[in-house]
Amino acid sequence: MLIKILAGAYGHRPDQGKSYIEKKDKNSEPFEVSDAEAARLIGLGIAEKACVNIAKEPDKAAEPISRDSEGDGLEQLTIQQLRKMAKDLGLPADGGKAVLADKIRNASKISKNQEENQEESDDLTDAKTDVSDGEVPPVLQAAEPEV
């Protein structure tokens, strides 16, 4: 099992047939040990299971929005119309036409993502509070202290 040292130092013997021992600490790369030894080190809290070579997909929210691919028509509006839209959205109305259009696109994209996330969480909340008999569960409170 691959592990990574979190605290302290560990004497790792890479080749069991030889007496050479490598010092491993929190700055060392993950290394391979037996499953029993990994469980012992993880149980002591000085190591964690290492996950390597996981391909991470790029974050689409962090990518800049290209003006040409959006068919929203913001580029055709006048600077005054863009400033009014930015103020209505609570955004600063400074910058050129392209900057204002980008700000408005980003704000609308963020609000759309928040609405989708809210709908998903509402669905989960409704599923958790569904009561088959139609009764509302009682409200439980702490008892009054006895004197």
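- Considering all non-hydrogen atoms of both residues, I79 and G95 come closest at CD1-O, 4.1 Å.
- The side-chain hydrogen bond (donor to acceptor under 3.5 Å, both in side chains) search around T78 returns Q81, not counting sequence neighbours.
- Between V99 and D102 the shortest side-chain heavy-atom distance does not fall below 4.5 Å.
- For S28, the side-chain hydrogen bond (donor to acceptor under 3.5 Å, both in side chains) criterion is met by D25, not counting sequence neighbours.
- Scanning for side chain to side chain contact (heavy atoms under 4.5 Å, CB included) contacts around K4 gives P30, E48, A50, with sequence neighbours left out.
- Going from atom CG of L6 over to atom CG of L44 covers 11.5 Å, rounded to the nearest 0.5 Å.
- With sequence neighbours excluded, the residues forming a side chain to side chain contact (heavy atoms under 4.5 Å, CB included) with E22 are H12, P14, Y20, K24, listed by chain and number.
- With sequence neighbours excluded, the residues forming a side chain to side chain contact (heavy atoms under 4.5 Å, CB included) with K112 are E116, listed by chain and number.
- In this structure, CG in L41 is found 5.5 Å from CD1 in I5, a value given to the nearest 0.5 Å.
- Contact detail for P92 and L100: the closest heavy-atom pair is O-CD2, 4.0 Å.
- Listed by first then second residue, pairs satisfying salt bridge (charged side-chain N to carboxylate O under 4.0 Å, His left out) with a partner in residues 31-44 read E37-R40, not counting sequence neighbours.
- Partners of L89 by side chain to side chain contact (heavy atoms under 4.5 Å, CB included), not counting sequence neighbours, listed by chain and number: L91, I104, A107.
- In this structure K26 satisfies the salt bridge (Lys or Arg N to Asp or Glu O under 4.0 Å) test with no other residue, sequence neighbours excluded.
- One hydrophobic cluster, built from ILVMFWY side chains closer than 4.5 Å, holds both I46 and I3.
- Sorted by first then second residue, the salt bridge (charged side-chain N to carboxylate O under 4.0 Å, His left out) pairs that include residues 87-100, not counting sequence neighbours, are K84-D88, D94-K103.
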